[in-house]
Amino acid sequence: MNPAQQILQRVFGYAAFRPPQDEIIQTVIDGGDALVLMPTGGGKSLCYQVPALVRAGCGVVVSPLIALMHDQVDALQQLGVRAAFLNSTLGPEESRAIEDALQAGELDLLYVAPERLVQTRTLALLEQVSIALFAIDEAHCVSQWGHDFRADYLQLGILHERFAGIPRIALTATADQRTRQEIRERLALNEARQFVVSFDRPNIRYRITLKHNARQQLLRFLREERAGDAGIIYCMSRRKAEETAAWLSELGFTALPYHAGLDARVRADHQSRFLREESVIMVATVAFGMGIDKPDVRFVAHLDMPKTVEAYYQETGRAGRDGEPADAWMAYGLQDVIKLRQMMASSQGDEMHRRAEQHRLNAMLGLCEITSCRRQALLAYFGETLPAPCGNCDNCLEPVDTWDGTEAARMALSAAYRTGQRFGVNHLIDLLRGATTDKINQFDHQRLPTYGVGKHLDAQQWRSVFRQLVARGYLNVDLSGYGALQLAPSCRPLLRGELQIELRRETPRKAAKQRTKTPLSSDVDVALWEALRERRRELAEAQGVPPYVIFHDRTVQEMCTRLPRDLQQFAHLTGVGERKLEKYGPTFLQVINAHVGSAG
Ligand code: ADP
Ligand code: ZN
């Protein structure tokens, strides 16, 4: 066994590296630079933590998020690693103590905020001590085009000059080529070996369902599939986030709002409850999530459609970092499409910018409407090929029917055209279905040739036709805000009968099978599971750390299935290294033994 493997087992309690962790780690141990592109939950932290422990000196980790630093240091200390952080939350005395420890060679890992690192004082201090490596986490923060840009990151190129010969490893979960290039250039990582890991997140089940009554659909999802689980619900507006959180709270869920309009203290409090308590649901706008390192988020739900596939993938990627089954659930409908199309159309900026936005929105709509495997489409969007359908998305699990919608599409387009392209979808549906309404009477629309030609479809089906026509760009939405539908130039071949169009059939899908809530597999003794979690909760509370810092769900689950009876057996569980064995083994064994004794 090589030194890296020994550390992995002894300190972290894991049996083996996930390739290419081993290669990355060896590169850095040998003194080489590395650029690591790995999805969220892929296991980036070990890539610098292990080499920092193997090499002489202290590993310096640059991380932009103070809350995250705190949790990482807590987790490392639990493992018996000598870790600390330096950032603006520390008073002068505390900073001093940490600097002393660093100088005395008593630290294995030091997390530093970027603005702190580039201070002359800090750099001078680091020059006096032995450094194992520099890790630059969330390296995409150097990208001025990304939404996580941090000016301080631009100065990190300095490390290359001032600490020549010390290996540097930059890590990010941002996939695109341009960001990659920027990281290389700005951090002076031209020589770095690049490691790109598949961005697939196989444990996440993707589902995009059609909105009928979004709240009821969400409620069903939460109650039937995710009862008692922690998750995030994304909403487009602050108000909706608040209202949804209030509504869920009334129903007995622990649901907390989070958005940029809330007081900073309230935000911090909600975030910390989300991390520290179990079963908390965060109802949030896009303001929430960056750097949330909670491994056991079991679902991410979207009540509104994100604007881009990038945003969708990043947000859903916060589910299931621990590798256990997790859900990405979204409800979307015609109104989402109309709203976003309007937003795009009225957005400021030059023509090129608008076209790029349009292009991104179309890709997102395409993902919603697609009838084949969603994961294949997602990965293809990021330039990766998944050879076979995934078997873990809604379209794979319950294949979608299509129907020849050519005739219906022509009726719909013609209804918009004949009414002067001044009406919204509801009126057009009334017209097609031959309804008698005030508006129909007012505009004398009974006399149009399209009046009543569409009685063979019900209103719901017509909405589906219109949605798909808007999503595919055959119909445009008027800018004025009333949502009038107008013909796009691309609809001509369809109107002339030169083009056939296949539409999704929206038969309500069978309700998903009721699942025992993950990560509890069905053969697990629920009473024992709860008792172990209770013990974990007590230990976490006593130390003021999140429960997963004591043990991940995976480890607790293994306690239930493998029923270790002594410390030697306990040591074999995933996530149990030397320190945790010593610190927590006896108390958890007590729970197990009491339970097994009483059960048998
Ligand atoms: P990232 O930073 O890439 O999002 P993390 O470093 O937080 O991912 O790792 C995600 C999860 O996977 C953590 O719970 C971590 O302990 C676990 N993990 C990482 N590498 C391994 C491994 N080789 N064996 C078992 N678990 C691992
Ligand atoms: Zn699939």
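Please read all numbers here as calculations on a predicted model, not as lab measurements. Just follow the structure's listing: the first ligand is 1, and inside any ligand the first atom is 1.
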Open item on the list: With heavy-atom distances below 4.5 Å as the criterion, would you say the side chains of His572 and Val576 are in contact?
Closed with: no
Within a distance under 4.0 Å of any heavy atom of [X], pick out the atoms of ligand 1 and give their elements.
X: Leu46; value: 19 (C), 20 (N), 21 (C)
X: Pro39; value: 3 (O)
X: Arg321; value: 1 (P), 2 (O), 4 (O), 10 (C), 11 (C)
X: His552; value: 13 (C), 14 (O)

- [ ] Could you establish whether Ala15 and ligand 1 come within less than 4.0 Å of each other, counting only heavy atoms on the residue side?
- [x] no
Is the shortest side-chain N to carboxylate O distance from [X] to [Y] below 4.0 Å?
X: Lys44; Y: Asp137; answer: no
X: Glu369; Y: Arg467; answer: yes
X: Asp327; Y: Arg226; answer: yes
X: Asp394; Y: Arg374; answer: yes
X: Arg298; Y: Glu225; answer: no

Would one find an N or O of [X], backbone or side chain, under 3.5 Å from an N or O of ligand 1?
X: Pro295; answer: no
X: Gln21; answer: yes
X: Met38; answer: no
X: Thr40; answer: no
X: Leu8; answer: no
X: Thr574; answer: no

TODO: Classify the contact between Ser45 and ligand 1 as side chain, backbone, both or neither, using a heavy-atom distance cut-off of under 4.0 Å.
DONE: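 Under 4.0 Å from ligand 1, Ser45 contributes backbone and side-chain atoms.
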TODO: Answer with side chain, backbone, both or neither: which part of Ala173 has a heavy atom less than 4.0 angstrom from an atom of ligand 1?
DONE: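 Neither part.
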Open item on the list: Please evaluate residues Gln543 and Ile550 with respect to the criterion side-chain contact (heavy atoms from CB on, under 4.5 Å), reporting the C-alpha separation (whole Å), side-chain torsions for both, the decisive distance (0.1 Å), and the verdict.
Closed with: CA-CA 10 Å; Gln543 299 175 68; Ile550 307 291; 3.6 Å; yes
- [ ] State, to 0.1 Å, how close Asp74 and Gly544 come at their nearest heavy-atom pair, and which atoms those are.
- [x]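 Looking at all heavy atoms of both residues, the shortest contact is OD2-O, 4.5 Å.
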- [ ] Looking only at non-hydrogen atoms, find the nearest pair between Ile204 and Ala328 and report the distance.
- [x]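 It is CG2-CB, 3.7 Å.
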TODO: Among all protein heavy atoms, pick the one closest to atom 27 (C) of ligand 1 and tell me residue, atom and distance.
DONE: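 Here the nearest protein heavy atom works out to Arg18 NH2, 3.3 Å.
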Task: For atom 8 (O) of ligand 1, closest protein heavy-atom neighbour - done: Gly43 N, 3.2 Å
Open item on the list: With a 6.0 Å cut-off on the ring centroids, do Phe588 and Phe551 count as close?
Closed with: yes
Task: Aromatic centroids of Phe85 and Tyr111 separated by under 6.0 Å - done: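 No, the ring of Tyr111 stays outside the 6.0 Å limit from the ring of Phe85, centre to centre.
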Task: Set of residues satisfying side chain to side chain donor-acceptor pair (under 3.5 Å) with respect to Arg55, sequence neighbours excluded - done: none
Task: Plane angle bin for His302 and Tyr312 - parallel if under 30°, tilted between 30 and 60°, otherwise perpendicular - done: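 Tilted: the ring planes of Tyr312 and His302 meet at 30° to 60°.
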Open item on the list: Measuring from atom 23 (N) of ligand 1, which candidate in Ala16, Cys47, Gly41, Gly13 has the nearest non-hydrogen atom?
Closed with: Ala16
- [ ] Identify which of Tyr14, Phe17, Tyr548 has a heavy atom lying nearest to atom 16 (O) of ligand 1.
- [x] Tyr14
Open item on the list: Would Lys294 pass as a cation-pi partner of Phe274, given that its NZ or CZ must be under 6.0 Å from the six-membered ring centre and within 45 degrees of the axis?
Closed with: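 Output yes; distance and angle both within limits.
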Open item on the list: Below 2.8 Å, which protein N, O or S atoms neighbour the Zn ion (ligand 2), ignoring water?
Closed with: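 The answer is Cys373 SG, Cys390 SG, Cys393 SG, Cys396 SG.
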